[in-house]
Amino acid sequence: MSQQFYKVTSTKVGIGTAHSKIILMGEHAVVYDYPAIAIPFPAANTTVQISPNDHGRSFIQSRFYTGPLDAAPEILDNLRTAIQVARSSLKFPQQDIDIIIESTIPAGRGMGSSAAVSVALVRALSNLYGYRIKDYQLQFIVNQAEVIAHESTSGLDTLITSTNRPVIYQKSISPVPFSIHMPAYLVVADSNQPGQTSEAVGKVRQLREAKPELTKIAMDAIGDMVQQATLAIEAQDVEELGRLMTYNHYYLNQLSVSNSQLDQIVNAAWLAGALGAKLTGGGLGGCVIAIARDFETANRIETAMLEAGAVQSWQLDLRTI
Ligand code: PMV
């Protein structure tokens, strides 16, 4: 990486942004090397501002904690790591800074909140020091921070929160970026229950040990549906994509990572005219996604999901990604 050193002017402010991510299809099976489709989700995002200070200590302002960085709770260890790794690998100055984090990405809902904040933070630092960071450098630094936040990481959150294109992701092969550009809307609703990714992944692992055949059938089916979904997207067949999403939810249910609250929101979306709906991410909480042919239906679905217990929601016009 770069050997350059940077001149600091205290009046400068560095700004960095990042978006959230949504897994469209294929979660859980992806752990066992089946493909998944993940998309950038700009409707929920993070902005970080950084400026040098001369108080002799770095400060952070965020929704979890505001105060000196060195006294911040463990939940912000990932950010301390991102700063340290950025400084050492990009030779940024060791100076005191004020960090302001504004984020509309709910934490623990499978939307990549921690990765997005780290991405925005490293971009803000790079912006402050006038450094044009490359994607591979950004992803290397954020992955170190994500290991702190989540212990093990597939790298999916880092990849999607730092790039602008949907991706077909499979552990054993390089990610394949593609475009959706489909005349349809994606509605995302927050069930208000924190997602429990590690518990859900553990549950699937146990099920796989106890009932290997049943689990293999479900995962083969999910893998197959993801392949079919890529073809449906290519053919701009929104109805088929919706159908596949709903089947995917059914198989996630078989893997026992849904719950009654998520099912209720999925059903509400369905009854309001969704072409398909499913949980997204680890499950056992987190978010539900639904697909609609037009804006009016998307609004109707959003209202129905909120009435069914969701606490906040977003939309994405799939023509834009
Ligand atoms: O809850 P999220 O968005 O972190 O998604 C987890 C997706 C899983 O497939 C369940 C786990 C993984 O590491 O891919």
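Every number for a ligand or one of its atoms is a count from 1 in the order of the listing. Since we're looking at a predicted model, the values are computed, not measured.
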| query | T197 heavy atoms, cut-off 4.0 Å: which ligand 1 atoms fall inside? | reply | 1 (O), 2 (P), 4 (O), 6 (C)
| request: Mark up the atoms of ligand 1 that fall under 4.0 Å of a heavy atom belonging to E27, in ascending order. | output: 9 (O)
| task | Using a 4.0 Å heavy-atom threshold (strictly under), name the region of L156 that reaches ligand 1: side chain, backbone, both or neither. | result | neither
| task | Heavy-atom contacts with H28 under 4.0 Å: which atoms of ligand 1 show up? List them by number with element. | result | 8 (C), 9 (O), 10 (C)
| Ligand-residue contact atoms, ligand 1 with V30, heavy atoms, under 4.0 Å | 9 (O), 14 (O)
| task | Return yes if a side-chain donor-acceptor contact under 3.5 Å exists between N78 and T81, otherwise no. | result | no
| Of all the atoms in ligand 1, which lie at a distance below 4.0 Å from a heavy atom belonging to G110? | 1 (O), 2 (P), 3 (O)
| field | Smallest separation among heavy atoms of E240 and A232, with atom names | value | CG-CB, 3.7 Å
| message | Need the ligand 1 atom indices (1-based, order shown) with element for anything under 4.0 Å from a heavy-atom of I23. | response | 5 (O), 7 (C)
| request: Report the part of V31 in contact with ligand 1, treating N, CA, C, O as backbone and CB onward as side chain, heavy atoms under 4.0 Å; options are side chain, backbone, both, neither. | output: side chain
| message | Can you classify the ring geometry of W314 versus F41 as parallel (below 30°), tilted (30 to 60°) or perpendicular (above 60°)? | response | perpendicular
| remark: What one should report as the nearest heavy-atom pair of T163 and P40 is O-CB, 3.8 Å
| query | Hey, what's the ring geometry for Y131 with F92, parallel, tilted or perpendicular (30° and 60° as the breaks)? | reply | perpendicular
| task | Say whether R109 and ligand 1 are in contact under the criterion: heavy-atom distance to a ligand atom below 4.0 Å. | result | no
| field | Salt-bridge present (K278, E27; N to O < 4.0 Å) | value | yes
| query | Do V117 and I99 sit in the same hydrophobic cluster, where Ile, Leu, Val, Met, Phe, Trp and Tyr count as joined when their side-chain heavy atoms come under 4.5 Å apart? | reply | yes
| Is V201 in polar range of ligand 1, meaning some N or O pair under 3.5 Å apart? | no
| Side chains of Q261 and S191: donor-acceptor distance under 3.5 Å anywhere? | no
| request: Would you kindly specify which portion of K21 sits under 4.0 Å from ligand 1, judged on non-hydrogen atoms: side chain, backbone, both or neither? | output: side chain
